[in-house]
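A quick write-up on the structure given underneath.
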2 protein chains.
Amino acid sequence: MADSTRAGDGAPTLHDVAAAAGVSFSTVSNVIRNHPHVREATRKRVLDAIAAVGYRPNLVARNLRSGRSGVIGLAVPELNQSYFAQLADDVIRAAGAEGYVVLVEQTGGRRERERELLRDPRLALTDGTLISPLGLTRDDAKDIALGRPVVVLGQPLLDEADHLTMQHEAAARAATTHLIEGGRNRIVLLGAHPAEQGTTASLRRDGYRAALEAAGLATPDELVVPIEVWDRHHGAAAMWELLRSGTVFDAVFAMNDDLALGAMRALHERGVHMPADVAVIGFDDIDEGRYSYPSLSTVDPGRRQIAELAVAMLLERIMGTTDAAPGRMVAPDFRIVVRESSTT
Amino acid sequence: MADSTRAGDGAPTLHDVAAAAGVSFSTVSNVIRNHPHVREATRKRVLDAIAAVGYRPNLVARNLRSGRSGVIGLAVPELNQSYFAQLADDVIRAAGAEGYVVLVEQTGGRRERERELLRDPRLALTDGTLISPLGLTRDDAKDIALGRPVVVLGQPLLDEADHLTMQHEAAARAATTHLIEGGRNRIVLLGAHPAEQGTTASLRRDGYRAALEAAGLATPDELVVPIEVWDRHHGAAAMWELLRSGTVFDAVFAMNDDLALGAMRALHERGVHMPADVAVIGFDDIDEGRYSYPSLSTVDPGRRQIAELAVAMLLERIMGTTDAAPGRMVAPDFRIVVRESSTT
DNA sequence: TCGTCGGTTTACAACGTTGCAATTGCAACG
DNA sequence: CGTTGCAATTGCAACGTTGTAAACCGACGA
């Protein structure tokens, strides 16, 4: 039980085990690594010694030797946004199934922070990175040299990285079309990021516009509401402001479910009925939307599959089981989920 | 710009920089470590070489040398439960402010997994662990020898660890009392874990019972609803079942907000009005509760402060800035947050 | 001119592994 | 009874740092 062989306060090492078992530390290493040529009696003696001194391999040393850490990094805007919490959940599970653990970083969706993260030597602790950028543009990323496996969840951004792209535009278009087919024609877009190109926000906005144009509807500027941070709070605040302004509308397409839920709260408070007065659809299919009142229509982008696919792509790079050039994959099909908030 | 000095595919090391700068690698190390005695000209030459070869320190090697990794582990049931997602958010922020990053593990609240995690050598990658156990009991934990900094969010569990305990019982009692003061007397407890002692669930149940007894109310068995997993789905399902059974009640105290939100959905679907017919209060004060309809009354346990305090306690152990025996801290005050769901 | 004393630079031994190369021991063989 | 062959064991050089001890080198005072 006791660890009488140990000196100082450090954890026992191979050498401590070796001393306890009366063999060289190489032999202990052989036992641990399942080296084929170890006599049964020796193996047992070593295993007993391991138990006796309470030895645990020092993973840091092992990593230094092997060049691998068994850790992947996941960078998301913030876990307080349900979509990313659930994405992180899925990623941790998928990675865990392959024996990897996950270091989670929050970017707040700020481009400087996203940039910094991709260059941060801290990431060298991980074998690779999965990043879901929000603010970063191709321009910002131009001079980033990675030299390590990275998978980007989003639009093509880095030449050296793999990309897993959602069908933002098509999905946004389908969501908007769903509202139009329900007879709506003054549809608010909640969460625009005006100045940007090639980001999640701009692609979804393009889809929204395309749907309206295809239906012969105009897209008045006052219906496109910019919101920097896509959380419930900002969704509610923006909706309050919109209601205060007296703008007339009969539907809302929110850039994500958090914004939609925040907006719904504001609509409730003003006594606006959903879906009778205003139909609402969000994006992401977070779990909450099933349980809200009214339950929230949304776009299911296949989050779970995306997480699994992204982890698989990253691990393939890490293990070097692929020699394909960095490329782009398009996420599996999205799906419009119709719930109460947009039922005609 | 180019890295012509490099051989092979490995990242450049101190030696590569040294070669490029024409100094010994020790000097490079001195520059990096801000050793006082380096001639200005030399420093500049080395810095240029660092930039030229694109050197980044190898953190794994640094960690091996220093015995520190700058990583802490956070073990929570699952990020899909909003409270833990927000806790993780807070912990990552608090740790980040001190220069630490966070490796997140999910336990699913399963005792075996929680046990395993505390013994897993994988944790050796981290400098310490913050764990929020759900299933683990003192008995389960009896034979766990840590030998490393651990802070437990919850009841005293491990002799070698620090504990940060919420005032579960008092808070649950206050929540229940709030419902009673609103004139309710058939109060459902949602989320009991029947057989357990000393866990979050049992302490909150004790608080619930104490409040009822103090008010001279009975606690009929049919009002105490056991639910294993505290998420929206199970909350809704349990409420459906309760409604189906014909049990009469006029209020619900849910063990957490997710359960409450799930239950509210079921109540909505059955046309039960809140708070008129049934008052609801949850626990945790997750962000969602502000935006639900009706907005959810809850117990604010001071999550943010708890996260910051827990990180501070853990870092104190890691840095060895305290030599106090492992002990227990009680979390700062909770607060009953009254919103629409329990307004009389 | 020599020794001393700074500041400056370099050498080197860890940190705890891994994995190959080298060594040992032993049995079967010629 | 010395080889050969092979299993079992051991030695040792990495992996890329940090930090201490040692070495170097002018300049300055004696």
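All chains are named by letter (A, B, ...) in the order of the sequence lines, taking the proteins before the strands, and each is independently numbered beginning at 1.
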OP1 or OP2 of [N] sitting under 4.0 Å from any side-chain N/O of [X]?
{"X": "A/T27", "N": "D/dT9", "value": "no"}
{"X": "A/T42", "N": "D/dT9", "value": "yes"}
{"X": "A/T13", "N": "C/dG16", "value": "no"}
{"X": "B/R33", "N": "D/dG19", "value": "yes"}
{"X": "B/S24", "N": "C/dT10", "value": "yes"}

Inset, instruction - May I have the step-by-step check of side chain to side chain donor-acceptor pair (under 3.5 Å) for B/R148 and B/T129, ending in yes or no? - result: CA-CA 8 Å; B/R148 44 192 256 87; B/T129 301; 2.8 Å; yes
Whole Å only: how far is the [atom1] atom of [X] from the [atom2] atom of [N]?
{"X": "A/H15", "N": "C/dC15", "atom1": "NE2", "atom2": "C1'", "value": "11 Å"}
{"X": "B/N58", "N": "D/dA14", "atom1": "CG", "atom2": "C1'", "value": "14 Å"}
{"X": "A/H35", "N": "C/dG19", "atom1": "NE2", "atom2": "C1'", "value": "9 Å"}
{"X": "B/R43", "N": "C/dG7", "atom1": "CZ", "atom2": "P", "value": "14 Å"}
{"X": "A/F25", "N": "D/dG11", "atom1": "CZ", "atom2": "C1'", "value": "8 Å"}
{"X": "B/R68", "N": "D/dG16", "atom1": "CZ", "atom2": "P", "value": "24 Å"}
{"X": "B/D127", "N": "C/dC15", "atom1": "CG", "atom2": "P", "value": "18 Å"}
{"X": "B/L59", "N": "D/dT17", "atom1": "CG", "atom2": "C1'", "value": "10 Å"}

Inset, instruction - Check every strand shown and say whether A/V23 touches a base, only sugar-phosphate, or nothing at a heavy-atom separation below 4.0 Å. - result: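 Sugar-phosphate, no base atom in range.
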Inset, instruction - May I ask you to say what B/N63 touches in the nucleic acid, namely base, sugar-phosphate or nothing, with a heavy-atom cut-off under 4.0 Å? - result: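 Since no nucleic acid heavy atom lies under 4.0 Å of B/N63, the category is nothing.
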Inset, instruction - Give, for atom CD of A/E308 and atom CD of A/E98, the distance between the pair rounded to the nearest 0.5 Å. - result: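 Nearest 0.5 Å value for the CD-CD distance: 10.0 Å.
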Legend entry - No-hydrogen, no-angle side-chain donor-acceptor test under 3.5 Å, B/D140 and B/T137: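 The answer is yes; a qualifying pair exists.
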Legend entry - Any side-chain donor near an acceptor of the partner, B/S69 and B/N63, under 3.5 Å: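 No donor-acceptor contact under 3.5 Å links the two side chains.
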Side chain of [X] only, heavy atoms from C-beta on: which candidate in [options] is closest?
{"X": "B/L64", "options": "C/dT18, D/dG16, D/dT17", "answer": "D/dG16"}
{"X": "A/H37", "options": "D/dT9, C/dT8, D/dC12", "answer": "D/dT9"}
{"X": "A/S26", "options": "D/dT10, C/dC12, C/dG16", "answer": "D/dT10"}
{"X": "B/N30", "options": "D/dT17, C/dT9, C/dT17", "answer": "C/dT9"}
{"X": "A/L14", "options": "D/dT9, C/dT18, C/dG16", "answer": "C/dT18"}

Inset, instruction - Please tell me which of B/V38 and B/S66 maps to the more 5' nucleotide of DNA chain C, matching each residue to the nucleotide holding its nearest heavy atom. - result: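 So the residue in question is B/V38.
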Inset, instruction - For A/R115 and A/R119, work out which heavy atoms get closest and say how close. - result: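 Looking at all heavy atoms of both residues, the shortest contact is O-CG, 2.9 Å.
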Legend entry - Shortest non-hydrogen separation from A/L134 to A/G109 and the atoms involved: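 Closest approach of A/L134 to A/G109, heavy atoms only: CB-CA, 3.8 Å.
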Inset, instruction - Please confirm whether any donor atom in the side chain of A/R39 sits under 3.5 Å from an acceptor in the base of D/dA7, or the reverse. - result: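 Counting by modelled atom types and ignoring angles, no donor-acceptor contact under 3.5 Å is found here.
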Inset, instruction - Can you tell me the pairing partner of D/dC28 across any strand shown, Watson-Crick or G-U wobble, with both distances under 3.5 angstrom? - result: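 Across all strands, the one nucleotide that pairs with D/dC28 is C/dG3.
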Inset, instruction - Once you apply the 3.5 Å cut-off to both distances, tell me the Watson-Crick or G-U wobble partner of C/dC29, or none. - result: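 Matched C/dC29 with D/dG2 under the 3.5 Å cut-off.
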